[in-house]
Amino acid sequence: MTTDASDAVEMRNALLRLRRGTGLPIAFGGLLEAGQQMRITELSGTATHALRSLVVTSGTGLGGKTVALSRPCVVTDYSASRQISHEYDAPVAVEGLRSVLAVPVVVRHRVRGVLYGALRTALPLGGRMLDAAVEAARDVERALVVRDEARTLVAGAGPGWEQVREAHAALRALAGRIADPELRAELLGACALLTAESAGPTAECGGPVRVRLAPREVDVLACVAAGATNAVAADRLGVTPETVKGYLRSAMRKLRARTRGEAVVAARRAGWLP
């Protein structure tokens, strides 16, 4: 799986969240490259560059063990631990790390990367720290899923508009269930990219539009455009069919549409839908 600058930014932000959530002063990590090798590319709070570009193979060291087992692993004293192999003791010693935790980034049942948090003293790393590290990894996982979907659409051999509309509806439905405002905004940004070829700009991109639609009205129209019934749209969005009908009526009134189909066409012309 290829990586790009946006993946690196997401990893960097996750390391900052990991440090804030755990209180650990040091964090680092990276994504898997070819095969089962992971390269440490992002550092936060480190004193040296000893760990930068270190290649970790599945099954070796703490991170390699995390990749192999696809679960978090912790050591209280890295150099003395009998729970791991010691191929990477030299760079770890240069950085002066003792207590270290490693959490996998897992997307569709495949490990895609590892986040580490560390101390320079040999102290137990409690459950609260591990929970916070796992949550930081979950944020990366959600972002990678969105980017994978976007790459599939771009790299595919000219996906039809129906596929684009299905993806748009699915992403908007997912965004409504995300509590993290930054991640939700990123998802809506991905949705806006899918409407870039529409006739008009979208309010979520900051452009003026003739009709102002509420986010949930757009969500409902996106589902309708993808062929969903009211019941299916309600299930996707986590609301009742009556609520879907209410949003649809409101959108139709704003768009001056008499039917669902007319509302979808008008929303596309206004740049709200692909």
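No experiment lies behind these values; they were computed from the predicted model shown.
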Determine yes or no for a side-chain-to-main-chain donor-acceptor pair under 3.5 angstrom, with Thr243 supplying the side chain and Val239 the backbone.
no
If we only count heavy atoms from C-beta on, is the Arg112 to Pro104 side-chain gap below 4.5 Å?
no
Hey, is the main chain of Pro274 close enough, under 3.5 Å, to the side chain of Arg268 for a donor-acceptor pair?
yes
Are any non-hydrogen side-chain atoms of Leu54 and His49 less than 4.5 angstrom apart?
no
Has Ser85 got a side-chain atom pairing as donor or acceptor with Gly61's backbone, closer than 3.5 angstrom?
yes
Check Glu42 with Arg52, please: is the shortest side-chain N to carboxylate O separation under 4.0 Å?
no
Between the side chain of Arg20 and the main-chain N/O of Leu15, is any donor-acceptor distance below 3.5 Å?
no
So if you build clusters from Ile, Leu, Val, Met, Phe, Trp, Tyr with side-chain heavy-atom gaps below 4.5 Å, do Val134 and Val74 land together?
yes
Closest non-hydrogen contact found for Ala233 with Ala228 is N-CB, 4.1 Å
Heavy-atom distance under 4.5 Å between the side chains of Val56 and Gln37, does that happen here?
no
Determine, for Arg17 against Glu135, whether the closest basic-nitrogen to carboxylate-oxygen distance falls under 4.0 angstrom.
no
Quick one: do Val265 and Val220 end up in the same hydrophobic cluster if we chain Ile, Leu, Val, Met, Phe, Trp and Tyr together by side-chain heavy atoms under 4.5 Å apart?
no
Output yes when a side-chain donor or acceptor of Glu95 lies under 3.5 Å from a complementary backbone atom of Thr48, and no otherwise.
yes
Any carboxylate oxygen within less than 4.0 angstrom of a Lys/Arg side-chain nitrogen, looking at Asp131 and Arg128?
no
Under 3.5 Å: donor-acceptor pair, side chain of His86, backbone of Ser81:
yes
Under 3.5 Å: donor-acceptor pair, side chain of Thr121, backbone of Leu123
no
Distance only, no hydrogens: is a donor on one side chain within 3.5 Å (strictly under) of an acceptor on the other, for Thr60 and Glu87?
no
Same cluster for Leu221 and Val232 if Ile/Leu/Val/Met/Phe/Trp/Tyr side chains link at under 4.5 Å?
no
